[in-house]
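Below, chain A is the first sequence line, B the second, and so on; all start at residue 1.
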Amino acid sequence: MRQIPIQREEPTSIDPDPEAEKRILDGLNERQREAVKATDGPVMIIAGPGSGKTRTLTHRIAYLLATGKAKPHEIIALTFTNKAAREMQERVQKLVGDQTKGMWVGTFHSSFARVLRIDGEKIGYSRDFSIYDTDDSKRIIKQQMNRLNVSTDDVSPRGIQNLISDAKNRMVSPEKYASVARGRAQDAAAKIYPAYEKALRKANAMDFDDLLLRPLELFDEHPDVLEKYQTRWKYVHIDEYQDTNHAQYMLARNLADAHDNLCVVGDDAQSIYAFRGADITNILSFEKDFPDATTVRLEQNYRSTGRILALADSIIKENDDQLDKELWTENDDGEYIALMESLSEKDEAKKIERRIRDLHVREGLSHGDFAVLYRTNAQSRPIEEALRKENVPYQVIGGTPFYQRKEIKDALAYLRLIVNPNDTANIQRVINYPTRGIGRKTQERLQNFANKHGFTLWQAIERVEDIDTLSTRAKNAVESFRFLIAKYASKAESMPADELAQEIIREAGLLSELRKDHTRENLMRWENVQDLVSGIADFVASSDDPSLSVFLQEIALMTSQDEEDDADQVTLMTLHASKGLEYPVVFVAGLEEGLFPLEMAAKEKQDLEEERRLFYVGATRAEEYLFLSWARSRYRYGDRETKTRSRFLDEINSDVVRTAGGGELDQKKNRFKSSSDGGSDSSNYDGVDPHYYRRNLRDGSGSGASNGKERKLKRIEQSSGGGRRVVYDEGQGEIVPGVRVEHSKFGEGKVQDVEGRGEKATAVVYFGSDIGNKKLKLKYARLRIIG
DNA sequence: GTTGGCGTATTTTTT
DNA sequence: ATACGCCAAC
């Protein structure tokens, strides 16, 4: 676990350093230098992938320091992730020496959480406010739905949460929202929204949106506070500007208003967070917003080979809404982009694993050079399994991050309560975990009492003796909980945060709960909780402000992308998480209709364009090798689904793509001229060479992997002959759509579809026009795989 | 008040 | 397939 370094506040200044200045400018090309030197007035750097965007921004900050144009405390840089902030901080330090104390570098969220810590009390938030993630917010929303009798028939809590978040992103107040809400879902959201806001405020809690909105409120209501920050920050920098939302835009405007020195960097073609409220018009209309802005375009790509860039260009050309940019590179053409086609997600995973091992052995690439990208987190599983099986080291970025695991959230809940007992959502989380006799009914009575008197849940707990509806037994149970929290709350000032954590976690019974039964999961959870404590110890040892409340706020803003990834491992992550990163070898997996582009996103043009930009982002992560992969079938909701190739594969520039067999990519747009067979049932297997699969296995240049695979196939054939072993066993020779099989009675056929698993698995097999489709129970049918 | 079983929705991406 | 919520039994 890592925390964001906190810099001291005292203004320090550094003398102009001509040597550093030279070093800073020497590391740049002409255009980049131009951007760095434009230190007066608004600047927009529009830059393609791999053009040294962040590098330019970093050098600009270093340049400001080295020339003495700005003192460290006069600079703020807002990044997209904490990790990017950390790296930028480190690089600036490297360029100008260690003199960056007082400079603010961080995400919008963490930077303005800090502002709120300093000045939030002016709008009614104590500095120990809790930060609520989506989970905590959902709890509040559910509770409010319950209280206000909003039925879940019309909308799910999640749906309401999204609607409210959207409204907040657009800075629509509850009152305003009530007047514009249309339809059942929005009406429901309009009812919940004000109650939700009130509940958050009462709990001294903020959700992610609040971390941007409350500072705006603060600036609005206290112009002196705004002025303080405006005068302080003479230079405002924003990275990944295309992904800022409206509130972030307003914050930027507010800060830049005094000095007009706003420098933004972005690429409209890489805008992939609209679903989260990112507003692409921020970057598209920058020049309108800041009429005297300097615009610099960085169009030379240093990252990728010519072919990768040509492919990327062909992807993005399909989109209509673009700022003009001509990407070019001096790099070699490089290898062809390889198209990989597989029969199933397991097959896909195996092929990816084999390619990785092959390149690792033959080209000497290290494991850290590889990244496997996919659209949804769920896709990591089969790939993980394939890599694990062959002992290829890997790491998965994302999924369920450390701090979101249940045991961690439970432990954190106790810690949050020490700091902020009014944090109702977290009381509810742990008031009866581990079970201490405070069940549903007691909690209900507590809540009723609180509602009746306008208390928070905690205030009700403090007055538990006065609640007539409770039995003595219940009162005692509640009292012991109250005592537990109060005891440590009073020690919070005097006791180091890590000791505090250790003790309350133990006394609350979390650790013994996890040791109750000795499953492997529980052991892991127990270790995770221990890791949390040592993480707090690290924080205490290294932070300028080692209070528990700061730790909790920072931890809430950490993301999977902030995890350490320095080890030499293959990296698995979503396409979203890959933004800003680069790897010599990149696989984009799961290029299938319905998956990428995602089914829901394929309907609206806007959404489809975002998916396409996502594909563009993924492809441009690659430096040397790019693999595009899709599978003919995939498990979803426990059923095997037949898939067709993604439309994206029909759009790309086929000149730079080669299939696994070395052939050209057969695209829909080319099909008309070459073949006229098309005909019936065209959705099935056009262009599939039935021998492709096995030939490829043999082509594996005699490496252990392909031999292993062949062995497995043989074993299947033998066993089916013997009739004892089941042939549908996953991961052996799979019976999946597209496979050719032989049946003792019907002869040769091709599997069309497979349903069910295990004993119940059935396959639809087409045995030619005479026999047609047959539905067979795999358990009895004894199908033999022949290709 | 707690536990276990069954039915249902769920997977888009994330600060 | 799995996690969660709701209901019935202990």
Enquirer: Please determine if E479(A) and R473(A) form a salt bridge, counting it only when a charged side-chain N lies under 4.0 Å from a carboxylate O.
Expert: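 Between R473(A) and E479(A) there is no salt bridge, as every charged N stays at least 4.0 Å from the carboxylate O atoms.
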Enquirer: Check nucleotides 7-13 of chain B for protein N or O atoms closer than 3.5 Å to its own N or O atoms and list the pairs.
Expert:
from    : atom 1 : to      : atom 2 : distance (Å)
dT12(B) : O2     : R375(A) : NH1    : 3.4
dT12(B) : O2     : R375(A) : NH2    : 2.5
dT13(B) : OP1    : N377(A) : N      : 3.0
dT13(B) : OP1    : N377(A) : ND2    : 3.3
dT13(B) : O4'    : R375(A) : NH1    : 3.3
dT13(B) : O2     : R375(A) : NH2    : 3.0

Enquirer: Any salt bridge linking K409(A) with D133(A)? Criterion: basic side-chain nitrogen under 4.0 Å from a carboxylate oxygen.
Expert: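 Salt bridge between K409(A) and D133(A), a charged N being under 4.0 Å from a carboxylate O: yes.
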Enquirer: Pick the closest DNA chain B nucleotide for F208(A) and for R436(A) by heavy atoms, then say which residue is nearer the 5' end.
Expert: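 The residue whose closest nucleotide sits nearer the 5' end is R436(A).
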Enquirer: Does a side-chain N or O from T442(A) land closer than 4.0 Å to OP1 or OP2 of dG1(B), or not?
Expert: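 Affirmative; the distance criterion is met.
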Enquirer: Within a radius of less than 6.0 Å around CZ of R139(A), do more than 12 heavy atoms belonging to other residues, nucleotides or ligands occur?
Expert: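 More than 12 heavy atoms, drawn from other residues, nucleotides or ligands, come within 6.0 Å of this atom.
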Enquirer: Over all strands shown, is D209(A) touching base, sugar-phosphate only, or nothing at heavy-atom distances under 4.0 angstrom?
Expert: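 Nothing, no heavy atom under 4.0 Å.
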Enquirer: For K475(A) and dG1(B), what is the distance between atoms NZ and P respectively, to the nearest whole Å?
Expert: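 Distance, rounded to whole Å: 14 Å.
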Enquirer: Which is more 5' along DNA chain B, the nucleotide nearest H109(A) or the one nearest R473(A)? Just name the residue.
Expert: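 Comparing both residues, the 5'-ward one is R473(A).
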Enquirer: In whole angstroms, how far is the P atom of dG1(B) from the CG atom of L470(A)?
Expert: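 Distance check: L470(A) CG to dG1(B) P gives 9 Å.
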Enquirer: Are the side chain of R375(A) and the backbone of F596(A) linked by a donor-acceptor contact shorter than 3.5 Å?
Expert: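 Checking the backbone N and O of F596(A) against the side chain of R375(A), no donor-acceptor pair under 3.5 Å is found.
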Enquirer: Nearest whole Å is fine: how far is dT15(B) C1' from Q161(A) CD?
Expert: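 Roughly 13 Å, once rounded to whole Å.
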Enquirer: Write down the distance between CD (Q443(A)) and P (dT2(B)), rounded to a whole number of angstrom.
Expert: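 Distance, rounded to whole Å: 9 Å.
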Enquirer: OP1, OP2 of dG5(C) versus side-chain N and O of K142(A): anything below 4.0 Å?
Expert: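 Checking dG5(C) against K142(A), a side-chain N or O does come within under 4.0 Å of OP1 or OP2.
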Enquirer: Write down the distance between CE (M206(A)) and P (dT15(B)), rounded to a whole number of angstrom.
Expert: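 That distance rounds to 19 Å.
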Enquirer: Mind checking the P distance from dT13(B) to dC4(C)? Whole angstroms is fine.
Expert: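 It comes out at 16 Å once rounded to the nearest Å.
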Enquirer: For the pair E641(A) and R636(A), find out whether any cationic side-chain nitrogen is under 4.0 Å from an anionic carboxylate oxygen.
Expert: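 A salt bridge links E641(A) with R636(A).
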Enquirer: Given dT15(B), is OP1 or OP2 found less than 4.0 Å from the side-chain N or O atoms of N82(A)?
Expert: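 So the side-chain polar atoms of N82(A) never come under 4.0 Å of the phosphate oxygens OP1 or OP2 of dT15(B).
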Enquirer: Using a strict 4.0 Å threshold on nitrogen-to-oxygen distance, state whether E240(A) and K579(A) make a salt bridge.
Expert: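 Yes, this pair counts.
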Enquirer: Between atom CG in L212(A) and atom P in dT14(B), what is the gap in whole Å?
Expert: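 So the CG-P distance, L212(A) to dT14(B), works out to 18 Å.
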Enquirer: Nearest-Å distance, CG (D136(A)) to C1' (dT15(B))?
Expert: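 The distance from CG of D136(A) to C1' of dT15(B) comes to 14 Å, rounded to the nearest Å.
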Enquirer: From OH of Y635(A) over to P of dT2(C), roughly how many Å is that when rounded to an integer?
Expert: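 After rounding, the gap between these two atoms is 12 Å.
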Enquirer: Count the heavy atoms of every other residue, nucleotide or ligand shown that sit under 6.0 Å from CD of E599(A), and state whether that count exceeds 12.
Expert: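 Count not over threshold, so no.
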